[in-house]
Chemist: 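Handing you this structure, nothing more for now.
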Amino acid sequence: MAYPSPYRAAMSSLGYQWVLEQLASAGLSVERVVLPDEVAEYRRRRAPVVSLETLTPLGQFPVIAVSLAYELELAGLVELLELSGIPPRREDRTAGHPVVVIGGPLTFSNPLPAAPFADVMLLGEAEETAPIAVSGYFEHETRESWLNAVAALPGAFLPERDGVVLPAVAKASDALLPARSHILSPDAELADMFLIEGERGCHRGCAFCVMRRSTNGGMRLVTPERILSYVPEEARKVGLVGAAISDHPQLVELLEVLVGSGRQVSLSSLRADRIERRPAIARLLRESGARTLTVASDGASRRLRREIQKGTVERHLEACAQITGELGFDVYKVYMMVGLPGENEDDIQELVDFTLKLRALTGRTRVALGIAPFVAKRNTPLDGQPFAGVKEVERTLKALAKGLRGKVEVRPTSARWAWVEYELAQGGPEAGEAVLEAVHAGATFADYKRALLALDPDTKRPWAPLAAK
C-alpha cells in the first residue's frame with residue numbers, strides 16, 4: 001500500500017489508513033511504502049524504496065495499491081516507482097513487474113492524468129472495491145481474466161480499455177462507516193492523533209467543491225455513540241474528520257464527552273455560520289487545548305461568495321472573530337481563494353477592509369489569511385473555468401500583503417504551482433505524461449511549464465466541448 005508523499009503525510013491520511021485496514025481484514029498481507037524524504041539521495045545511492053514492516057523492496061510486491069490525494073502527488077508516484085526499478089508507464093511494464101492499482105481522493109475529480117501509470121483505477125469510495133480487486137489478482141490465472149473481473153466493480157476504470165470514458169464514482173455501504181485510523185504515530189503531521197469520521201460527504205452546494213451535496217448522496221452521519229465506541233482509551237488526541245463535520249447536529253454533545261474525558265480534539269473543517277450559531281463548539285475546542293480557530297470565507301467579497309454559492313456572510317466571520325478573542329485563541333485563521341472568475345480590484349479591496357475589521361474584533365488574538373489561488377476542478381459547477389494567471393495572482397497577493405502589512409499575517413500558497421495543479425486538474429492522460437517528462441528533467445516549475453505547454457491543446461482536455469456546453 002503506497003503513498004506518494006513522505007511518512008508524516010501518509011500517516012495523517014485517514015483514507016490511506018482505512019483502506020490499508022480493509023485490505024488486511026480481507027486476509028491480505030499488506031505492507032506500507034511511502035515516498036522517502038530525501039528522494040535525491042536515494043537516486044544518488046540507487047537505493048530501493050522498502051516497506052516499513054519488513055524492509056521488502058517495493059519492486060518485489062506483486063500488487064502495488066496507491067492512494068493519490070491530489071494532482072501534485074503524481075510526481076511522487078513517478079519517483080516511487082522509478083526508485084524501485086518499476087517503469088512508471090503501464091505500457092512499459094512487463095509480466096515480471098507489479099501491477100499498479102490507484103485510488104484515493106483524486107479519483108472523485110479527475111483521475112485521467114494518473115491513467116498512464118495505472119493498470120486499474122478505483123474511483124470514489126474504495127473500502128469495498130479495493131479488497132475485491134486486489135484479492136482477485138491472486139485468484140485469476142491471467143492478467144486479462146483479472147481485468148475482466150475488476151471491470152465489473154463499481155467505480156472501476158481500466159485505462160487501457162476505457163480511454164477517457166469514466167464510470168461513476170463508487171459509494172461504499174454506510175455499514176462500513178466510520179473510517180478510522182489504526183496507527184498512532186508521533187512522527188505524523190497530526191502526531192499521535194486518532195482520526196475518525198464523524199460524517200461523510202457534504203449537504204452544501206459550494207460551486208468550487210468536489211465534495212458538494214451532489215457527490216455520493218450528500219452528507220451521511222455517524223452517531224456519537226458509534227464514534228465513541230471506536231475511540232481507543234489510550235488515544236489522548238482525537239481528530240473528527242468530514243467535509244462538513246461542524247454541521248453534525250450532535251457535534252456539541254460529542255465534543256462534551258471527548259473533551260470531558262481530557263482529550264485534545266481537532267475538527268477537519270469548521271464553518272463560520274455554525275460557530276456563530278453554536279459557539280460552544282469553539283469553547284470546547286479551546287478547552288481541549290486548541291490554539292487556532294480556522295474557518296473558510298473562500299470568496300474575497302460578498303458578491304463573489306454569492307456567485308460561488310458559499311453561504312458564509314460577514315456576520316458569521318465577525319462573530320467568529322469576537323469568539324476567538326473572548327476565548328483567548330492565539331490565532332484566528334480564515335481560508336480564502338483569489339483568482340475566482342470575475343474577481344476585480346474592488347473585491348480585493350473589500351477583502352482588505354473587511355480583514356482589518358476582523359482584526360479589530362479579535363483583541364489580542366492574531367488574524368491570519370490562508371490564501372490559495374482558485375483551481376477549477378472536474379465534477380464541479382466551476383469546471384472548465386480558466387486559471388487567473390500566475391502574474392495576476394501574484395499581483396493580487398502583493399496587494400493583499402501591502403494592505404494588511406503589520407496587522408494581519410498573509411500566508412499564500414504558490415501561484416506557480418497552483419497553475420501546474422490547474423493544468424493537471426483539467427488535463428487528460430497526456431498531462432500525466434507531461435509530469436513524467438518534467439520529473440525526468442528535474443521537476444522544477446520551469447520543467448513542468450515546458451512539458452505542459454507543449455501539449456496539444458486539442459487533446460489535453462478531451463472533454464472541453466462538454467465543459468463549455
Chemist: Indicate the atoms forming the closest heavy-atom contact of Cys320 with Ala272, along with that distance.
Modeler: SG-O, 3.6 Å

Chemist: So Tyr448 and Trp417, ring-ring contact (aromatic ring centres under 6.0 Å, His included) or not? Walk me through it.
Modeler: CA-CA 9 Å; Tyr448 276 92; Trp417 290 105; 5.3 Å; yes

Chemist: Taking the side chain as C-beta and beyond, is there a heavy-atom pair between Phe374 and Gln385 under 4.5 Å?
Modeler: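 Yes. Closest side-chain heavy atoms under 4.5 Å.
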
Chemist: Ignoring hydrogens and angles, tell me if any N or O in the side chain of Glu343 forms a donor-acceptor pair with the backbone of Val338 under 3.5 Å.
Modeler: no

Chemist: Asp119 side chain to Val100 main-chain N or O, any donor-acceptor pair under 3.5 Å?
Modeler: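 Yes; judged by distance alone, with no hydrogens or angles, the pair exists.
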
Chemist: Quick one: does Asp37's side chain have a donor or acceptor within less than 3.5 Å of a partner on Pro6's backbone?
Modeler: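 Between the backbone of Pro6 and the side chain of Asp37 there is no qualifying donor-acceptor contact (under 3.5 Å).
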
Chemist: At what distance, to the nearest 0.5 angstrom, does CG of Leu317 lie from CZ of Arg305?
Modeler: 6.0 Å

Chemist: Atom CG in Leu20, atom CD in Glu127: separation rounded to 0.5 Å?
Modeler: 13.0 Å

Chemist: Tell me, do Val420 and Val435 make a side-chain contact under 4.5 Å, heavy atoms counted?
Modeler: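 No. Closest side-chain heavy atoms not under 4.5 Å.
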
Chemist: Is there a donor-acceptor pair closer than 3.5 Å between any side-chain N or O of Ser67 and the backbone N or O of Gly104?
Modeler: no

Chemist: Hey, is the main chain of Arg32 close enough, under 3.5 Å, to the side chain of Glu53 for a donor-acceptor pair?
Modeler: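 It does hold such a pair.
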
Chemist: When you measure from the side chain of Arg90 to the backbone N and O of Ala115, does any donor-acceptor pair fall under 3.5 Å?
Modeler: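 Yes, Arg90 side chain to Ala115 backbone: donor-acceptor pair under 3.5 Å.
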
Chemist: Write down the atom of Leu190, the atom of Ser12, and the distance for their closest heavy-atom approach.
Modeler: N-OG, 2.9 Å

Chemist: Can you find a pair of side-chain heavy atoms, one from Pro373 and one from Trp419, that are under 4.5 Å apart?
Modeler: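 No, their side chains stay 4.5 Å or more apart.
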
Chemist: Within this structure, what is the OG-OH distance for the pair Ser269 and Tyr335, rounded to the nearest 0.5 Å?
Modeler: 11.0 Å

Chemist: If you take all heavy atoms of His140 and Ala149, which pair is closest and at what distance?
Modeler: NE2-CB, 3.5 Å

Chemist: Measure across Leu251 and Ser246 and return the closest heavy-atom pair with its distance rounded to 0.1 Å.
Modeler: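 Shortest heavy-atom contact: CD2-CA, 3.6 Å.
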
Chemist: For Glu139, look at atom CD and say whether over 12 heavy atoms of other residues, nucleotides or ligands are found less than 6.0 Å away.
Modeler: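 Counting neighbours around CD of Glu139, more than 12 heavy atoms of other residues, nucleotides or ligands fall under 6.0 Å, so yes.
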
Chemist: What residue pairs, at least two apart or across chains, pass ring pair (Phe, Tyr, Trp, His ring centres under 6.0 Å) with a residue in residues 5-37?
Modeler: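 Found Tyr3-Tyr16.
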
Chemist: Can you see which heavy atom on Ala415 is nearest to which on Val393, and at what distance?
Modeler: CB-CG1, 3.6 Å

Chemist: Quick one: does any side-chain atom of Asp447 pair with a main-chain N or O of Val439 as donor and acceptor, under 3.5 Å?
Modeler: no

Chemist: Say whether Arg416 and Ser414, considering side chains only, have a donor N or O and an acceptor N or O under 3.5 Å apart.
Modeler: no

Chemist: Donor-acceptor pair, distance only, cut-off 3.5 Å: does the side chain of Gln60 make one with the backbone of Thr56?
Modeler: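 Side chain of Gln60 to backbone of Thr56: no pair is present.
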
Chemist: So which of Glu199, Lys171, His203 actually passes side-chain contact (heavy atoms from CB on, under 4.5 Å) with Arg220?
Modeler: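 Testing each of Glu199, Lys171, His203 against Arg220, the sole residue satisfying side-chain contact (heavy atoms from CB on, under 4.5 Å) is Lys171.
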
Chemist: Counting only heavy atoms not in Arg161, do more than 12 fall under 6.0 Å of its CZ?
Modeler: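 Yes, because the 6.0 Å sphere around CZ of Arg161 holds more than 12 heavy atoms from other groups.
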
Chemist: Starting at OG of Ser266, measure out to CG of Leu258 and round the result to the nearest 0.5 Å.
Modeler: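 Ser266 OG to Leu258 CG: 11.0 Å, rounded to 0.5 Å.
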
Chemist: Is there a side-chain contact between Asn379 and Phe108 (heavy atoms, below 4.5 Å)?
Modeler: no

Chemist: Which heavy atom of Ile64 sits nearest to which heavy atom of Ala2, and what is that distance?
Modeler: CG2-CB, 4.0 Å

Chemist: Take atom CD in Glu38; do more than 12 heavy atoms of anything else shown fall under 6.0 Å from it?
Modeler: no

Chemist: For the side chain of Arg180 and the backbone of Val231, is there at least one donor-acceptor N/O pair under 3.5 Å apart?
Modeler: no

Chemist: Does any non-hydrogen side-chain atom of Trp146 lie less than 4.5 Å from one of Val99?
Modeler: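 Yes. Closest side-chain heavy atoms under 4.5 Å.
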
Chemist: Distance-only, no hydrogens or angles: does the Ser181 side chain make a donor-acceptor pair with backbone N or O of Gln17 under 3.5 Å?
Modeler: no

Chemist: Can you measure from CE (Met219) to CG (Leu221) and round to the nearest 0.5 angstrom?
Modeler: 4.5 Å

Chemist: Return yes when atom CZ of Arg302 has more than 12 non-hydrogen atoms of other residues, nucleotides or ligands closer than 6.0 Å, and no otherwise.
Modeler: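 Count not over threshold, so no.
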
Chemist: With side chains defined as the heavy atoms from C-beta onward, is the minimum distance between Glu82 and His440 less than 4.5 Å?
Modeler: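 With C-beta onward as the side chain, the pair touches.
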
Chemist: Hydrogens and angles aside, do Asn148 and Ser145 bring a side-chain donor and acceptor to less than 3.5 Å of each other?
Modeler: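 On atom types as modelled, these side chains do not qualify, holding no pair under 3.5 Å.
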
Chemist: Scan side-chain atoms only and decide if Ser51 and Glu31 contain a donor-acceptor pair under the 3.5 Å cut-off.
Modeler: yes

Chemist: Check whether any side-chain heavy atom of Arg212 sits under 4.5 Å from a side-chain heavy atom of Cys206, and report yes or no.
Modeler: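 Side chain of Arg212 against side chain of Cys206, heavy atoms only: no contact under 4.5 Å found.
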
Chemist: Could you tell me the separation between the CG atom of Leu83 and the CG atom of Leu35, rounded to the nearest 0.5 Å?
Modeler: 7.5 Å

Chemist: Which residue, Asp192, Leu195, Val265, forms the side-chain contact (heavy atoms from CB on, under 4.5 Å) with Lys237?
Modeler: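 For Lys237, the side-chain contact (heavy atoms from CB on, under 4.5 Å) test succeeds with only one of Asp192, Leu195, Val265, which is Asp192.
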
Chemist: Between Phe208 and Thr380, is any pair of side-chain heavy atoms under 4.5 Å apart?
Modeler: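 Contact flag for Phe208/Thr380 side chains = no.
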
